[in-house]
Amino acid sequence: MSETLLSVRNLSVVFAGEDGPRTLIDDLSFDLGKGEILGLVGESGSGKSLTCRSLVRLMPSPNLTIASGSVMLDGRDLTKAPDSDIRAVRGRDIGMIFQNPTSHLDPLMRIGDQIAEGIRIHRGVDGKAARAAALDILAQVGFPHPARQYNGYPHEFSGGMRQRAMIGVALSCDPRILIADEPTTALDVTIQAQILRLLMDLRESRGLSVILITHDLGIVAQTCDRIAVLRQGRLLEIGDKRDVLGRPQHPYTRNLIASHPSMPERQAAFVPAREPAIPKARPLVEIDDLHVRFPVTGRSLFSGGPREFSAVKGVSLQVMPGETVGIVGESGSGKSTLARALLGLTPISEGHVAFDGADIVTERAKALRKLRREAAMVFQDPYNALNPRLTIGAMLAEVLAVQESVPKERIPARIGELLDLVGLEREFAGRKPLSMSGGQCQRAGIARALAVNPKLIVADECVAALDVTIQAQIVDLFRDLKQRLNLTLLFIAHDLAIVRNLCERVVVMYHGEIVEEGPTDKVFAAPREAYTQALIGAIPDIDPDRPLLSPRGGDDFVEETSGLVTGEA
Amino acid sequence: AGVLTIGRREDGTTFDPIKTAQNVDNWVFSNVFDVLVRVDKSGTKLIPGLAESWTVSDDGLTYTFKLRDAKFSNGDPVTADDAAFSILRIRDNPGSLWADSYKIVDTATAADPKTLVIKLTGPSAPFLSSLALPNVSVLPKKVVEDMGEDAFGEAPIGSGAFAVKEWRRGDRVILVKNPEYWDAASVSLDGVEWISIPDDNTRMLKVQAGEIDTAIFVPFSRIAELQKDPNLKIHLDTSTREDHLLINHEHGALAKKEVRQALDMAVDKKAIVDAVTFGLGEVAYSYIPKGALYHYADNLQRPYDPEKAKAMLAEAGAADLKLNYVVNAGDEVDEQIAVLLQQQLAKAGVTVDLQKVDPSQSWDMLIAGDYDISVMYWTNDVLDPDQKTTFVLGHDSNMNYMTRYNNPAVKDLVAAARVEMDPVKREQMYVDLQKMAKDDVNWIDLYYSPYRNVSRANIENFDQNPLGRFFLEETKKN
Amino acid sequence: MHRYKFVLYRPLQFLPVLFGISLITFILVRLIPGDPARVLLGTRSTPSAIAAIRAQYGLDQPIWLQYFYFLQNLAQGEMGKSILYKIDVLRLIATRIEPTLALVLSAVLLSLVIAVPLASLAARSNGGPADHIVRFVSTFGIGFPPFWLALMLIIFFSVRLDLFPVSGYGETVADKLYHLILPALTIALSLSTVLIRSLRTAMIAELKGDLATAARARGMPESIVFWRHVMPNSLVPTINLLAVNIGWLIGGTVVVESVFALPGMGQLLVRAIFSRDYMVVQGVAMVFACATVLVNFIADIVTVAIDPRVKQ
Amino acid sequence: MTAALAPAWKAVRRRPTLLAGLILLAIFLFVALMAPVIAPYDPILQNGDLRLQPPSWSHPFGTDNFGRDIFSRVIWGTRVDLQIAVIGVVFPFLIGTVVGTLAGYLGGKVDIVFMRVIDIILAFPFLVLMLSIIAILGPGLQSFYIAMALVGWVSYARLIRAQMLVLKTADYATAALSLGFSGPRIMFRHLLPNAIAGSVVFSMSDCVLVLLSGAAISYLGLGVQPPVAEWGVMVAEGQSFITTAWWITLFPGLSIVTLAFGFSLTGDGLGDLLGVRE
Ligand SMILES: Nc1ncnc2c1ncn2[C@@H]1O[C@H](COP(=O)(O)OP(=O)(O)OP(=O)(O)O)[C@@H](O)[C@H]1O
Ligand SMILES: Nc1ncnc2c1ncn2[C@@H]1O[C@H](COP(=O)(O)OP(=O)(O)OP(=O)(O)O)[C@@H](O)[C@H]1O
Ligand SMILES: [Mg+2]
Ligand SMILES: [Mg+2]
């Protein structure tokens, strides 16, 4: 490790709750070297964000206090420095970028002005000089047209550009240390790679030290120098990334690594038991030249321009019974729309969708009746997918009652069976979603899907919101159910690694169209389309020696997302 | 000298005298326009106005008026032509609200510029006093015709003591002394402002604070308090207002005279006078109010006796009488009376259901006969009792003021009194009418009340006659 | 500037709203029992006199025909004639509109002058004594009946202290403003309680929110955090609330106008309803409706100007 | 029952605002229910000998110009005013909830029609409506309720509609749809309970608005029928005595303010409890 810049010793943070104090950060010590990138990993709630906020004493609530320990920067203890000093440290010495740029940027202020504001205050320069410096920073963080984009408002930019702006705002104060709290979680893989690359470049060019918070070991593996693993507010281990990833000391770390979808073990777990699809069977789902268009709102009477926006443009796809198909593609590429259309939840503008032989367009009633009884959906956000006011039992009972799939008196028993199937204790029948963890909620969501005795399950990003270890469990659950119940699974994800180890076939979507389709191993081994290559190339691999981006692989697509997106609906 | 400011409830509606029947308008007309014949301060005598003198032919059909040398505020002389124009206009104009009262006029002509001759279609004792009504004020014919009626209604020209300088609608009417007024020399004020201040409290506070000189419509409840203020003078001027309880004679037991008499005895008028008027009113006993011509001071006053009333009701077979009482919403006094009456009648075993309705609607209900009892009031516009008598007892189109009272003897007497030209005989006829009405209980007389005005102590001669006219030409501001 | 394009086409959307309002008012006022002619004639009304007046104002026509004439007039920019005042309704309204307009405007300004500093003070001392006092006062203040408050203000400020006139409306601009202080204060006191509560809540949310955190993380002084970031973002929701309240105010100043004897539209309306002066009720309702629509329109423009995200 | 209430009680206890508000409301409710027992005199019985008495031991709030005991009238008035606040809000709430749910969930033409109606009502001068309805139906509470219901539902409809627009895109709504649940079931069983918190909180401030509107109507003389004791009417009637007999207006006035305070506190507390920001 290089010369130590920041040194944290025995840091403890206590929450003064109603039921007595709770220690959220427990005796944490670590150092940050000059020009080093330190990765902070751990499951949700492990205290990663809190640790970093404690460094600059930006507690999220007055009930949280630093109980003991020190944070040494330039020989000063930041935990004891007076308020005015700490304010000077914030931004000037330690800059922060946050996970959600949308809420952390001022929506009412021009991007450039937000950067210039920091420059004016911290460097004490006048407006004109600040503007010049801001333009410079905009260019540095990858805005292709700084002069024009200076005047843009946050909402006019894509997520990736907003994150760049956020980094720009942090850089405006010219800090020595940058804390990046999950800066890429909300972004597509390709954009994620660009942002990570930007951070690494900045480290090079400015000699920044970076603390990178993430729950994705892959990111850490490819960007960080050292890794610290946190769990329940405690530091489990810290060390050089090769040591930690290669020779993890703590069982939890080992589990974390083993859960990563790109791990060889997990890929091996995939049994390419391609029971050669019974050739005589007709496809369960047939999609033929499907178009879905949405009316564009917010257009005025007088303005020209398209009245409609095509979310899905001419997609054709067949899914055989028992098959597992992965659909991948960046955000907005039309994956969810496709799924909703095939379940009859979104009106079809053109083309045909048939489920088990029934055409949703021509024989709507029949197809819908079939769909409602034989197809089910599992959603991304486990909390949002469950009615917060119903207990899991009530929710399942309602489905069973409405579907009339089991006699009334059998309902309680069936609920028990469903909970067993998804690996939840039976007592969960009496719990409400808010008292359950994300993984548990997701299981309940799957139980609900199973309650209809489905032939087809459409899982829309159903693991994206979960921690890696939980992710792995859910994926295993799917694999297990699929085999036991002979389910057909349509698995939508933007995380290609998961698709790679769960699906037999993969469909790549881009701008509403299918750009590539084929058996998973083939597509991953030899992607034909540049877009697919970029997607695959951008998957952070847990192997520390793989480069972050296949050299400039996705360049064609960088332009797509770098401009103002005001033209979009 | 000085400008007198007067606070009143509402702003006026128009200055075209024939098109309004509201007191707020009439009271200002008296100062801006002039009439041929005026009513004196006592409210019981006619005195010369624009007509210096007049003669009536023996058949009582031809009236000849001699006009004095007067000028309108624009300097034009007041001519007999103007007077004739004004009288025919109120009779014939489609917008006139008073046409019915002047149908008796056959012709009105100018014999010469200063002599007006009016011929009637039949004899009429009250005709002369109807000429004192502000609505039949003499208007400048030429100006009305040149400006057009509507424009005149906003910026009138008159021959009164004051002229309209500005009318800020909803706020105030600003009058200035009219130098052309025939008696201008005796007018002391430089001008008058009638200011509308709808809230009673605010209006009183405004005089108390000295921001205005006078305020009219002082609530009964405030008199005692204001009397204590040495800076203020309270003016309680005799009025012709009488409040009474209408009875719908066509509704069931109310058709029986005995029942109505019993109700009269069940009402404690004294208590009403005490509670509602704070003792300022006076118990009423005749439909012709105190202070009006031919008022009969010795009319019967039935004693308050709820027990006897109860017995009489039982005897008449109306032991458990139920009455529907229509109350005017928004009128503080009306609502108070309603509450009191309800309780008083209950003592005589009568159940009263109060039904509060918007005042404009209560009219319709009364006309439709959709009520049993209801409190109303009447203030005379003209000195002669005929107008009110006709409405109340004359069996005319208004069903005797909505009571549906029916007594042919009374009806005939009213008609006879109208054409009786001998004052002594005529007075006796009205005394008889008052007795008959009381006996029949056409309605229940409740109380008479005075006009209640307040002024700053430095204001002198701020007087109102029983017909409501303010004698501002005599008022002084020291 | 295509965000502002709605300024061009929105007025078209007002038309159906105003049409609906005119129709409803028309039917509503004619459903009221009572007859303008009878009100006009007062106690001396006779059937013949009533019929004459009704014919003169076209009240004897079938109602749909009356409405047709009304629309026809409206298309020519006229609103008929007042039965009570005998002049054109529009002219009548023109003589009465200023005090109401001035009252509403000054009340709104005054309430902002009261609410913004107090809400800021409370939000910045969130949980502190200042916050408690402001919260208590604003919560308690909501329940005062305006006419009572008005009388108390008159008794205290005008009668006891002799600082302001009891009532009325002045002649010169300065005089008018002087007369408007108490009435505006009456309204502003109740309006500001609503604004304070909304603004304070928004500010506290913003002060705790990501935006403020991000600004603090950049080492921004608390004053910049508050004035440059928290304040504008908290104002956005309050603008809408204010617009709704102004809408209410426009038609609801009658009590204050009455207590302070302001010759405004509220009083005109009440008297018109009581005397069944149909055309005036109709006209005033239309003017009020237009004003409400206009206020919301302005609020939309202001919102768009402040908040670049909003598209109308 | 008690077990089910325990967590609710715990949640309330931790919020002094809510607790204070609920206690205030409970006191008013108690007074209203027990009015015949608590009130020392008949609220409408007049006594000519006792007119305009200042507060004393036998008449703690004094007497009015009819010699009626103001304390008793205030107590009986609680019944009427609680009723005004509650009924004046319940109907708008119900109508607004149904309309908002339908408009928000169904969207399309239904939404457009309701939104236009709402636009019209929002721009419709409340005073014209209120006075016309009172004029049509006669003064009194039922006219007041009808007028309030005709106008008041708009706020609720807008609140619920906005929530519905968000909630109907929630995954659990999509899930319900994909499971073949009927529209009404999704709207009223799944979405509405999650959308209603904001309206519940708003209904508390609405109670205050209704009380004040009632008082304003009384000022214009169109309030409840006499001799019923109602605070707004008492204040309005007592106005003429404001400088001589302050107690006639003060006590009913304070009652309005205090009841309004109770509703506001409860609303604030509920907002906090349900996580609603107005
Ligand atoms: N304002 C707060 N009040 C009380 N507890 C809090 C607060 N903020 C965070 N916590 C608790 O502190 C602990 C650590 O939270 P922190 O946000 O640091 O987790 P994290 O590792 O960043 O998780 P994630 O990956 O979900 O962002 C959690 O148990 C959380 O519940
Ligand atoms: N109801 C709708 N109305 C209008 N546009 C819509 C609607 N639903 C989706 N879209 C648009 O259609 C496009 C495709 O959306 P879709 O949700 O299918 O993308 P996705 O691939 O699932 O993205 P993500 O990974 O973010 O979930 C997007 O641009 C989206 O804005
Ligand atoms: Mg975090
Ligand atoms: Mg999606």
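Here the shortest heavy-atom pairing between C/Ala188 and C/Ile114 reads CB-CD1, 4.3 Å.
Contact annotation for A/Arg110: neither backbone nor side-chain heavy atoms come within less than 4.5 Å of a heavy atom of chain C.
Taking a cutoff of 4.0 Å between a charged side-chain nitrogen and a carboxylate oxygen, C/Asp131 and C/Arg200 qualify as a salt bridge.
Residues of residues 100-107 of chain A lying under 4.5 angstrom from chain C, judged on non-hydrogen atoms, are A/Ser103, A/His104, A/Leu105, A/Asp106, A/Pro107 in numerical order. When the heavy atoms of residues 117-136 of chain A are compared with those of chain C, the residues falling under 4.5 Å are A/Glu117, A/Gly118, A/Arg120, A/Ile121, A/His122, listed by number. Within residues 71-92 of chain A, the residues having any heavy atom less than 4.5 Å from a heavy atom of chain C are, in residue-number order, A/Arg87, A/Arg90, A/Gly91.
When side chains are defined from C-beta on, A/Thr65 does not count as touching A/Phe15, because their heavy atoms never get closer than 4.5 Å. A/Ile195 has its side chain within reach of A/Ile167: a pair of non-hydrogen atoms, C-beta onward, lies under 4.5 Å apart.
From A/Gln99, atom CD reaches atom OG1 of A/Thr214 across 9.5 Å, with rounding to the nearest 0.5 Å. Between the CZ atom of C/Phe14 and the CG atom of C/Leu294 there is a distance of 7.0 Å, given to the nearest 0.5 Å. Note that OG1 of C/Thr238 is 7.0 Å distant from CG of C/Leu195, once rounded to the nearest 0.5 Å. If you take CD1 on C/Ile142 and CG on C/Leu189, they are separated by 12.5 Å, rounding to the nearest 0.5 Å. The line from CG of C/Leu118 to CZ of C/Arg197 is 14.0 Å long, rounded to the nearest 0.5 Å. Taking CG of C/Leu191 as the reference point, atom CD1 of C/Ile187 lies at 8.5 Å (rounded to 0.5 Å).
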Could you go through residues 240-251 of chain C and list every donor-acceptor pair under 3.5 Å that involves a side-chain atom there, pairing it with any protein atom two or more places apart or in another chain?
| residue | atom | partner | partner atom | Å |
| --- | --- | --- | --- | --- |
| C/Asn245 | ND2 | C/Leu241 | O | 3.0 |

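For the pair C/Glu206 (side chain) and C/Ala202 (backbone), a donor-acceptor distance under 3.5 Å is absent. Panel note: side chain C/Thr100, backbone C/Met265; a donor-acceptor pair is recorded below 3.5 Å.
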Evaluate the criterion side chain to side chain contact (heavy atoms under 4.5 Å, CB included) for residue pair C/Phe19 and C/Leu71; output intermediate values, then yes/no.
CA-CA 9 Å; C/Phe19 178 78; C/Leu71 288 185; 3.9 Å; yes
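For the options A/Met96, A/Met166, A/Met109, heavy-atom pairs under 4.5 Å to chain C are most numerous at A/Met109.
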